[in-house]
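Have a look at the structure below, then the notes.
All chains are named by letter (A, B, ...) in the order of the sequence lines, taking the proteins before the strands, and each is independently numbered beginning at 1.
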Amino acid sequence: MDVKQKIIDAVKVAAESAISEGVLKSTGELPEISLEVPPKKEFGDFSTNFAMQTAKIFHTAPRKIADEIKSRISEEWLEKIEIAGAGFMNFYLKADVIYSELKNIFDELENFGQLPNKKNIPIQIEYVSANPTGLLHVGHGRGAAAGSAIVNILRAAGYNVESEYYINDAGNQMENLAKSVNARYLELLGQPVEFPENGYHAVDIIDTTKKIIERDGDKYLSLPEDERLKVLEDLAYADKLAELKKDLANFQVNFDVWFSERKLHPDKINDAIKVLRERGEIYEKDGALWLASTKYGDDKDRVVVRENGVPTYLAADIAYHKDKFERGFSQLINLWGADHHGYICRVKAAMSALGYNADNLKILLLQMVSLYRGGELVKMSKRTGESITLRELMEEVGTDAARYFFLMRSIDSQLDFDLDLAKKQSSENPVYYIQYAHARICSIFRQTAEVGLTVPDAPKFSMMTTAAEIDLINKIFEYPDEIEKAAAEFAPQRIARYVYDLAAQFHSFYRDCRILGVDEDLAKARLALVKITAHTIKHALNLLGVSAPTSM
RNA sequence: GCGUCCGUGGCUCAGUUGGAUAGAGCAACGGCCUUCUAAGCCGUGGGUCGCGUGUUCGAGUCACGCCGGACGCACCA
């Protein structure tokens, strides 16, 4: 809010003048003034702990400092300043400030929730990046929900963000995919077959194979084994990738760039290794090439090219991240499953070895998901005997509930996902609770339209004085700040909680403040507030990738 | 053994880069529909913030050490 900055400035000016008058003697640099919304209404609209933080610098008791600052602030939009507790300064705004702030939001409602562009800093975020050898499971689902929400939040906060999916389509797993499909192909066509040792057994491989047979029949039977493997690899890969994209799109997840690992082979990998070698970061031992990653804090050095000349996964990853930096991003973010945390150190070490600032590569870890049904841990799908897929989850609980449940917890916390709760269409289910608030508002607009009541250009906001109205208004004011913090902390759960609280505030308002049947000006002011509320709920839900239904 | 994350009412979790009397939801109990969706609202009870030491005017939050849980520790990806 504008007011927030005005208060900060006023405190700063007051402190400086107290210093120049010699009343306060500074023995160090003043800290940044932080202004927060106090935990209780009685503590005013905003408060700062500035006096407590500067007690040491001024060699003065906090309450005395607060007193001196307070006596030097006289803004006509301030109702009063109170000094409380150990030295908190609580600011109380005059009522009309709230209404003019609300008017500002109302006048540019379409932009409310979109913060001004931050200069520079192009950010790239890579997430999901599951191998194209099977279906996405619930763990990928959490990553997909978190990654896409973080992208949305960063954009709302004004950052320039590009999202990317890294397709691991160049390693052993592709060979295994080909061998697995080949085995199923022969099997389905009645040929004797031995299933490959490291093959993929999941039923989706059979589905993929059946699709190939439906379209092309047995025409690949006559090919020599190695040629058939090659053909089937391409066909299976295309199918798996298409399925992946389909599931993600259904889950409200879209990527700007799909980056194939094959693009790194062999030139970009060779180039990266060449650079490392020139920088003296690579040595040869036992016929393999090693990266001296211990120099940068890794536990041990890592092989980048095997004895047989084939680069390791790490080599590709080094080339990949080098490529990202070369594309001009100044901040890279990777969202990985927590089971990959042991990998962080070596990748960062490699970036340092290449001469990049490893701090510009931020790796977020996502903790594991456990599904519960009827209070029991669900490990495997009843239908397939394999781990539960994202597709099955979407079918069972719906996209909105699945996304919200994935996002309502911090990414650092292991998630217990209650399937029964996610399916419930009642107040116990937070998703429905929030969506219901939006649907209720839409219903109000349908009702008011019937009697010809519409939102005016200049609502008389100052007519709204009850606690329920003021609380709702103040909750709306918090939204931009909440986006800023969620972006800074990569914390979608902040938005999930905020929109829940906003819905709760609206439900209370709905109970206390009728629109039909009250004074017309008041009704119109309330209708305008309700419009702002609907916009904010919908905007926040959009950030989470959850829909805002107009009726339920 | 080493590393990462977690430990907050019966259950699932928030807790604003250290701040005021630790908050929600579920579960339990008691109220509220002749008026815009009761998928809602209002109220009551329930806590040694895993344990200990330290830093600080102030610690759920920071540091160190334990205890407990999850996940990792490849010339796999």
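- Nearest approach of A:His140 to A:Leu136, heavy atoms of both residues: ND1-CA, 3.5 Å.
- Comparing the same atom, P, in B:U48 and in B:G10 gives a spacing of 8 Å after rounding to whole Å.
- Scanning atom types as modelled, no donor and acceptor separated by under 3.5 angstrom connect the side chain of A:Thr312 and the base of B:A77.
- Residues satisfying the salt bridge (charged side-chain N to carboxylate O under 4.0 Å, His left out) criterion with A:Lys70, sequence neighbours excluded, are absent altogether.
- Distances shorter than 4.0 Å separate none of the side-chain N or O atoms of A:Arg409 from OP1 or OP2 on B:C6.
- B:A20 sits 32 Å from B:C67 when the P atoms are compared, rounded to a whole Å.
- Nucleotides B:C11 and B:C73, compared at atom C1', are 34 Å apart to the nearest Å.
- If you find the closest nucleotide of RNA chain B to A:Gly171 and to A:Ala86, the one lying nearer the 5' end belongs to A:Ala86.
- Under the side-chain contact (heavy atoms from CB on, under 4.5 Å) criterion, A:Ala487 pairs with A:Ile153, A:Leu154, A:Ala157, A:Tyr159, not counting sequence neighbours.
- Side-chain atoms of A:Gln53 lie closest to B:G19 of the nucleotides B:U4, B:G19, B:G40.
- The salt bridge (charged side-chain N to carboxylate O under 4.0 Å, His left out) check on A:Asp301 picks up nothing, with sequence neighbours excluded.
- For the pair A:Arg440 and A:Tyr510, the cation sits on the ring face: its NZ or CZ lies under 6.0 Å from the ring centre, inside 45° of the axis.
- Note on A:Glu450 versus A:Arg446: no salt bridge recorded, every NZ/NE/NH1/NH2 to OD/OE distance being 4.0 Å or above.
- Atom name P, nucleotides B:U61 and B:U53: the rounded distance is 13 Å, in whole Å.
- Judged by distance alone, with hydrogens and angles left aside, A:Asn90 brings a side-chain donor or acceptor within reach of the base of B:A20, the pair sitting under 3.5 Å.
- Aromatic pair A:Phe417/A:Tyr372: ring centres not closer than 6.0 Å.
- Considering only the side chain of A:Asp416, B:C13 comes nearest among B:U16, B:A77, B:C13.
- Using a 4.0 Å cut-off between a side-chain N of Lys or Arg and a carboxylate O of Asp or Glu, A:Lys268 and A:Glu261 do not qualify as a salt bridge.
- Not counting sequence neighbours, the partners of A:Lys118 by the salt bridge (charged side-chain N to carboxylate O under 4.0 Å, His left out) test are A:Glu484.
- The A:Lys40 side chain lies nearest to B:U21 when the options are B:U21, B:U16, B:C36.
- Residues passing the salt bridge (charged side-chain N to carboxylate O under 4.0 Å, His left out) test with A:Glu68 are A:Lys64, A:Arg72, sequence neighbours excluded.
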(message) In dot-bracket form, 5' to 3', how is RNA chain B paired? Count Watson-Crick and G-U wobble pairs only if both distances fall under 3.5 Å, and write | where the partner sits on another strand.
(response) (((((((..((((.....[...)))).(((((.......))))).....(((((..]....))))))))))))....

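- Residues forming a ring-ring contact (aromatic ring centres under 6.0 Å, His included) with A:Phe259 (at least two apart in sequence, or on another chain): A:Tyr320.
- B:C11 adopts an anti glycosidic conformation, its chi angle falling more than 90° from 0.
- Taking the C1' atom of each, B:G68 and B:C51 are spaced 11 Å apart, rounded to whole Å.
- Backbone-only engagement by A:Gln173 is indicated by non-hydrogen atom pairs under 4.0 Å involving sugar-phosphate atoms exclusively.
- Taking the C1' atom of each, B:G15 and B:C49 are spaced 11 Å apart, rounded to whole Å.
- Taking every side-chain heavy atom of A:Ala288 into account, B:C75 is the closest of B:G40, B:A20, B:C75.
- Listed candidates were B:C5, B:C42, B:C36. Nearest to the side chain of A:Ser508 is B:C42.
- Ion pairing between a basic and an acidic side chain is recognised when a charged N comes within 4.0 Å of a carboxylate O; A:Asp67 and A:Arg63 show no such pairing.
- Contacts of A:Ala55 with the nucleic acid, taken as non-hydrogen atoms under 4.0 Å apart, are absent.
- Ring geometry for A:Tyr498 versus A:Tyr479: interplanar angle under 30°, hence parallel rather than tilted (30 to 60°).
- Of the candidates A:Leu529, A:Leu522, A:Thr448, A:Ile515 forms a side chain to side chain contact (heavy atoms under 4.5 Å, CB included) with just one, namely A:Thr448.
- Put simply, A:Phe43 rests on the base of B:A20: the two rings are less than 5.5 Å apart at their centres and nearly parallel, under 30°.
- For the pair A:Ser47 and B:G19, the criterion of a side-chain N or O lying under 4.0 Å from OP1 or OP2 is not met.
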Contact list (N/O, under 3.5 angstrom) for nucleotides 27-32 of chain B vs protein:
none

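- If you check B:A39, B:C13, B:G19 against the side chain of A:Asn49, the one that comes closest is B:G19.
- Closest to the side chain of A:Tyr313, out of B:C75, B:A77, B:G19, is B:A77.
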So which protein nitrogen or oxygen atoms get under 3.5 Å of nucleotides 69-73 of chain B's nitrogens or oxygens?
from: B:G69; atom 1: N2; to: A:Gln414; atom 2: NE2; distance (Å): 3.3

Donor-acceptor contacts, no H, no angles, side chain residues 39-53 of chain A, under 3.5 Å, sequence neighbours left out:
from: A:Lys41; atom 1: NZ; to: A:Asp471; atom 2: OD2; distance (Å): 3.4
from: A:Asp45; atom 1: OD2; to: A:Leu93; atom 2: N; distance (Å): 2.7
from: A:Thr48; atom 1: OG1; to: A:Ser34; atom 2: O; distance (Å): 2.9
from: A:Thr48; atom 1: OG1; to: A:Phe50; atom 2: N; distance (Å): 3.2

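- Listed candidates were B:A20, B:A77, B:A39. Nearest to the side chain of A:Pro39 is B:A20.
- The same atom, P, is picked in B:G19 and in B:C62; the two are 11 Å apart, to the nearest Å.
- Comparing B:C42 with B:G47, their C1' atoms sit 24 Å apart, to the nearest whole Å.
- Among residues at least two apart or in separate chains, side chain to side chain donor-acceptor pair (under 3.5 Å) pairs with a member in residues 332-347 of chain A are A:His321-A:Asn334, A:Lys324-A:Asn334.
- Residue ring and base: A:Phe88 counts as stacked with B:A20 (centre distance below 5.5 Å, interplanar angle below 30°).
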Table of protein N/O atoms under 3.5 Å from nucleotides 33-35 of chain B N/O atoms:
from: B:U35; atom 1: O2'; to: A:Arg514; atom 2: NH2; distance (Å): 3.4

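- Considering only side-chain atoms of A:Arg497, the nucleotide from B:G40, B:A14, B:C75 that sits closest is B:A14.
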